[in-house]
Amino acid sequence: MSHVETAVDTTNPELDAVAVEQDAALLTNGQLARMFHEIGDMLEVKGELVYKTVAYHRAADAIAHSPVEVAEAYRAGNPPRIPGVGAAISDKLAELAQTGRLQFYERLRTEVPPTLVEMLDLPGLGPRTVKLLYETLGIENVEALRDAAERGLLRDVKGLSARTEESILQAIATLETRPQRLLLNQANAIVDQVIGDLEGTPGLRRVEKAGSLRRWQETIGDLDLLAETDDPDALIERFVGLAAVDRVLNRGSYKAAIKLLRGPQVDLMVMPPGEAGTYEIHFTGNKDHNVRLRGRARDRGWSLSEKGYMRLGEDGEPLAGPNAELRTFATEGEAYAFLDLPFIEPELRQDRGEIEAALAGTLPTLVTLADLNGDCHTHSDRTDGVHTVEQMAEAGRRRGYAYQVLTDHSQSLAIARGLNAERVEEERELVGLLNQKFAREEEQGTAPPGTPPEGFRLLFGCELEIRADGQLDFPDELLARYDVVVASLHVGRRQPRVELTRRVMNALRNPNVDIIAHPAGRYIQRREDLDLDWDAVFAEAARTGTLLEMNGSPHRLDLSDHRARRAVAAGCTLTIDSDAHRIEELDYMRWGVSQARRAWVTPELVANTWSRAKLLDWVARKPERVS
DNA sequence: GCCGTTTTCGGCCCGACTGTTTTCAGTCG
């Protein structure tokens, strides 16, 4: 607990000031990862050996996903073992941890203009071409490239043509109008639309989602579709001719890619009927997961591609001609089994230990939507919601929940018309009346079908503001009257880490606070995470049994999968909530569940898979744990 | 640059599509 105490200790302000100054030079895992990715990019442009550049990118990813703060650990003289980080990169990390700088990186930046690396963002333009353009025409940024292309200078470079000029100008235009990555729910809606448009194509047996959407990643770049069809030509024809197509990026016999009008790129791959297994694996990814599978296949004498497993000869090449041997499978389960692996859930396919767990027989049984018995975070029109308390409760009841917690905002969040003590009392009475009605209907057998045996109850809660001064927005006497208190932080988000952490700690230690909602306070692609001492927060949440929310709003998905995994490792228990402000948003639960699955979360770790009695008992016992 | 229960050196995952070419390199996923 000592680091926890240190982080919130205010008795010696001078000590705090020293700590903050040291922290200033400590790079976060994210910053380290960005730097090593950039190094990888610069080495690519320099024309370095491809495997060297890959090594830097791989190390960057591993650092980004590391459960420990890497720079902090190095500074403490306690460098963690990170897969993909060997002697050379480890030395660089040590230098960064000590000095906050890296000479190798700074020298590289003088050799390779940073704007050169930005040119790699242009679709179709890779490191070789960037290098070629730099060396022949001295082009070192996108502006110069556009200028040269417009003036017809590129066609004189060996290996390029007038056509290349055109496609480069096209790529620049694409980059400038490129939409942000899609949120999960947006991507899903677009894909459903495209799948609907493809239905009825002659020969088509089925179309399914693949790629990052099938892994339920929190944001989606390109969309991937797989199709089983007896007539590939007809399908490709239909696909590239869809009304929503802006332009066709490429088109072959088995695959095609389109860019949708004001929308993302969509890739379609055709699978021969009955051979979906390896295709689904290949196109669901992610890349690192696939590389691991191919390595394992190769160790066993087979080459794995989307087409199936091909027997390798003694030269390490697939056998050809009459000796060729190809194994295909109808399902992913069979294709995994060929490698003596069990089926691995798509959400886990990120090469974050799932292969090892599969081999050890320790893959988790992931939480599902059906496991949830309630929703601990919902709003009504009495604060910033859209539907009435009754409408929201009725909708929750019809979902088959045993409980739903009404968590309208507390008084200080004026922007959301937060409730004062008087309106809190009104709301309590309203909740009581509704519950009487629900109980009556259950007794009379007129409750909606699907109502669980323990019946449905609307639990009385609030979303309690953790104010900028660190105080909670209601006094303890009032808080003690709630069934469930959900605390969250919306204001004073830019305070320094020590201050922010102290505020959250104060909420965690309050005997009446049961859940911390959207702990990182992020809005995906719009607002950064709160700068908290996460290890301290997780340790205290675990000690006090305060539940940490996985917020299902596709804008939040907070905790993130990485953080949730760390929280669980630290002994925390979670909730998965919709944070619904209208009836339809109760469906946000599905995105929260997918995020939890990506974090390896099992049902028992999620408090709202519990019965109502168990949940209420858990929160009632918090005072014992805090003391 | 990383890595090793075959290896401390010599490997490192795979194929489609595109464009500029006559046999392939670059890019992408």
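A note on names: the letters A, B, ... follow the listed sequences, proteins ahead of strands, and every chain is numbered from 1. Reckoned from all heavy atoms, side chains included, excluding hydrogens, waters and symmetry mates.
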(message) Any base atoms under 4.0 Å from A:L49, or only sugar-phosphate, or nothing? Heavy atoms, all strands.
(response) base
Result block: side-chain N/O donor-acceptor pairs under 3.5 angstrom for residues 192-200 of chain A, not counting sequence neighbours:
residue, atom, partner, partner atom, Å
A:D192, OD1, A:K209, NZ, 2.9

(message) Under 4.0 Å, heavy atoms only, any strand: does A:N290 hit a base, just the sugar-phosphate, or nothing?
(response) nothing
Grab the N/O contacts between the protein and nucleotides 17-19 of chain B below 3.5 Å, and write none if there aren't any.
residue, atom, partner, partner atom, Å
B:dC17, OP1, A:S253, N, 3.1
B:dC17, OP1, A:Y254, N, 3.3
B:dC17, OP1, A:K255, N, 3.4
B:dT18, OP1, A:R251, N, 2.9
B:dT18, OP2, A:R251, O, 3.4

(message) Can you tell me which nucleotide in B:dG1, B:dG15, B:dT27 comes closest to the side chain of A:K52?
(response) B:dG1
(message) I want to confirm an ordering. Mapping A:L312 and A:F104 to their closest nucleotides on DNA chain B, which one lands closer to the 5' end?
(response) A:F104
(message) Checking the side chain of A:T219 only, and the main-chain atoms of A:L182 only, is there a donor and an acceptor separated by less than 3.5 Å?
(response) no
(message) Suppose you measure atom C1' in B:dT6 against the same atom in B:dG11; what distance do you get, rounded to whole Å?
(response) 13 Å
(request) Considering only atom C1', compute the distance from B:dT8 to B:dC2 and round it to an integer number of Å. (result) 12 Å
(message) Can you see if the side chain of A:Y56 gets near the phosphate of B:dG1 - specifically, an N or O under 4.0 Å from OP1 or OP2?
(response) yes
(request) Can you tell me, in whole Å, how much space there is between the C1' of B:dC12 and that of B:dC17? (result) 25 Å
Check residues 141-150 of chain A and write down every donor-acceptor pair under 3.5 Å in which the side-chain atom is one partner and the other belongs to a residue at least two apart or another chain.
residue, atom, partner, partner atom, Å
A:N141, OD1, A:E143, N, 3.1
A:N141, OD1, A:A144, N, 2.7
A:E143, OE2, A:R146, NH2, 3.2
A:R146, NH2, A:E176, OE2, 2.6
A:D147, OD2, A:R151, NH1, 2.9

(message) Rounded to whole Å, please give me the gap between CZ in A:R128 and C1' in B:dC24.
(response) 13 Å
(request) Using a cut-off of strictly less than 4.0 Å, decide whether A:R298 has a side-chain nitrogen or oxygen near OP1 or OP2 of B:dC14. (result) yes
Could you tabulate the donor-acceptor pairs under 3.5 Å formed by side-chain atoms of residues 355-369 of chain A, not counting sequence neighbours?
residue, atom, partner, partner atom, Å
A:E356, OE2, A:R292, NH1, 3.1
A:E356, OE2, A:R292, NH2, 3.1
A:T362, OG1, A:A357, O, 3.4
A:T368, OG1, A:A370, N, 3.3
A:T368, OG1, A:D371, N, 3.4
A:T368, OG1, A:D371, OD2, 3.2

Distance-only donor-acceptor hits, side chain of residues 108-115 of chain A, under 3.5 Å, sequence neighbours excluded:
residue, atom, partner, partner atom, Å
A:R109, NH1, A:E38, OE2, 2.6
A:R109, NH1, A:Y105, OH, 3.0
A:T110, OG1, A:R107, O, 2.5
A:E111, OE1, A:K46, NZ, 2.8
A:T115, OG1, A:E140, O, 2.5

(request) Round to a whole Å and report the spacing from CD of A:Q265 to P of B:dC28. (result) 10 Å
(request) Could you state the atom-to-atom distance from CD1 of A:I236 to P of B:dA16 in whole Å? (result) 13 Å
(request) Could you state the atom-to-atom distance from CE of A:M271 to C1' of B:dG15 in whole Å? (result) 17 Å
(message) Show every salt bridge (charged side-chain N to carboxylate O under 4.0 Å, His left out) that has at least one partner inside residues 316-325 of chain A, sequence neighbours left out.
(response) A:R311-A:E325, A:E325-A:R327
(message) When both hydrogen-bonding distances must be under 3.5 Å and the geometry is Watson-Crick or G-U wobble, what is B:dT18 paired with, if anything?
(response) B:dA25
For nucleotides 2-4 of chain B, print each protein N/O atom paired with a nucleotide N/O atom at under 3.5 Å, atom names and distance only.
residue, atom, partner, partner atom, Å
B:dC2, OP1, A:G86, N, 2.5
B:dC2, OP1, A:G86, O, 3.4
B:dC2, OP1, A:I89, N, 3.3
B:dC2, OP2, A:A88, N, 3.3
B:dC3, OP1, A:R81, NH2, 3.2
B:dC3, OP1, A:G84, N, 2.9

(request) Please measure how far the P atom in B:dA16 lies from the corresponding atom in B:dT21, and state the result in whole Å. (result) 24 Å
(message) Once ring-ring contact (aromatic ring centres under 6.0 Å, His included) is applied, what residue pairs with a partner in residues 337-356 of chain A remain, sequence neighbours excluded?
(response) A:W302-A:F338, A:Y309-A:F338, A:F329-A:F338
(request) Quickly work out the A:K158 NZ to B:dG26 P distance and round it to whole Å. (result) 12 Å
(request) For A:K307, answer base if it contacts any base atom (sugar-phosphate contacts may also be present), sugar-phosphate if it contacts only those atoms, and nothing otherwise; contact means non-hydrogen atoms under 4.0 Å. (result) sugar-phosphate
(request) With heavy atoms under 4.0 Å as the rule, sort A:L43 into base, sugar-phosphate or nothing. (result) nothing
(request) Indicate, with a heavy-atom threshold strictly under 4.0 Å, whether A:F283 touches base, sugar-phosphate, or nothing. (result) nothing
(message) Of the options B:dC14, B:dT27, B:dC12, whose atoms approach the side-chain atoms of A:S305 most closely?
(response) B:dC14
(request) With sequence neighbours left out, write down each residue that passes ring-ring contact (aromatic ring centres under 6.0 Å, His included) with A:H555, or none if nothing qualifies. (result) none
(message) Does A:R128, at its CZ atom, have more than 12 non-hydrogen atoms belonging to other residues, nucleotides or ligands within less than 6.0 Å?
(response) no
(message) Between P on B:dG15 and CD on A:E275, what's the gap in Å once rounded to a whole number?
(response) 15 Å
(request) Kindly check if the number of other-residue, nucleotide or ligand heavy atoms within 6.0 Å of CZ (A:R565) is above 12? (result) yes
(request) Figure out the CD1/C1' separation between A:I39 and B:dG1, and round it to whole Å. (result) 12 Å
(request) Rounded off to whole Å, could you give me the CZ-to-P distance for the A:R296 and B:dC14 pair? (result) 16 Å
(request) Going by the side-chain contact (heavy atoms from CB on, under 4.5 Å) test, name the single residue among A:R556, A:R522, A:Q595 that passes it with A:N551. (result) A:R556
(request) Report, as a single string ordered 5' to 3', how protein heavy atoms within less than 4.0 Å touch nucleotides 5-10 of chain B: B base, S sugar-phosphate only, - not at all. (result) ------
Distance-only criterion, 3.5 Å: show the donor-acceptor pairs between side-chain atoms of residues 261-280 of chain A and protein atoms not counting sequence neighbours.
residue, atom, partner, partner atom, Å
A:Q265, NE2, A:D267, OD1, 2.9
A:T278, OG1, A:E306, O, 2.7
A:T278, OG1, A:G308, N, 3.4

(message) According to ring-ring contact (aromatic ring centres under 6.0 Å, His included), who are the partners of A:W600, at least two apart in sequence or on a separate chain?
(response) none
